[in-house]
Amino acid sequence: MPSPHPPEFRRRAVELARQGDKPLLQLAKDLGVSRSCLQNWLRQADTDENAGTGDRLTSAEKKELAELRRRNKQLEMENDILKRAAAYFARENVLPK
């Protein structure tokens with residue numbers, strides 16, 4: 001599902017917030033987002049620019065983590081299917097004919 005605000009919109013919002021011409025609350029209202037949302041975008045931009053030196057993940061790391069979790073889930077499902085197939089065929093070989 002795509003995010004409701006495109007990356008370019010977020011980048012521009014962060015630039016405007018960093019200029020400091022308006023308070024965050026007013027800027028957030030003007031952009032149609034919540035203040036906390038704008039603050040999250042600012043924190044994430046800071047993290048991305050500082051290569052994740054703090055305890056937060058960069059956007060690239062978040063994307064990689066999501067992909068790894070998706071892949072892990074897929075492999076677990078495949079492994080479960082193989083276990084069931086092995087059990088099925090083992091039962092089939094044990095039954096007298």
Original post:
Sub-3.5 Å donor-acceptor pair from the side chain of Glu61 to the main-chain atoms of Thr58, do we have one?
Top reply: yes
Original post:
OG/Ser59 to CD/Glu64 distance, rounded to the nearest 0.5 angstrom?
Top reply: 13.0 Å
**OP:** Please determine, by modelled atom types, if Arg69 and Asn72 share a side-chain donor-acceptor pair under 3.5 angstrom.
**Re:** no
**OP:** Return the set of residues passing salt bridge (Lys or Arg N to Asp or Glu O under 4.0 Å) with Asp21 (not counting sequence neighbours), or none when no residue passes.
**Re:** none
Original post:
Are the side chains of Val33 and Phe9 in touch, meaning some heavy atoms are under 4.5 Å apart?
Top reply: yes
Original post:
Just wondering, do Arg35 and Lys29 contact through their side chains at under 4.5 Å, heavy atoms?
Top reply: no
**OP:** Establish, from distance only, whether the side-chain atoms of Gln44 and Asn40 form a donor-acceptor pair under 3.5 Å.
**Re:** no
Subject >> Reference residue Gln74; test side-chain contact (heavy atoms from CB on, under 4.5 Å); the match among Glu76, Glu78, Met77 >> reply: Glu78
Original post:
What distance do Asp48 atom CG and Arg11 atom CZ have between them, rounded to the nearest 0.5 Å?
Top reply: 10.5 Å
**OP:** Work out which heavy atom in Leu24 is nearest to a heavy atom in Ala17; give both atom names and the distance.
**Re:** CD2-CB, 3.7 Å
Subject >> Non-neighbouring partners of Glu67 that pass salt bridge (Lys or Arg N to Asp or Glu O under 4.0 Å), sequence neighbours left out >> reply: Arg70
Subject >> Heavy-atom check, side chain of Leu57 versus side chain of Thr47, under 4.5 Å >> reply: no
Original post:
Does any non-hydrogen side-chain atom of His5 lie less than 4.5 Å from one of Trp41?
Top reply: yes
Original post:
Do Arg18 and Glu15 sit within salt-bridge range, that is, some charged N less than 4.0 Å from a carboxylate O?
Top reply: no
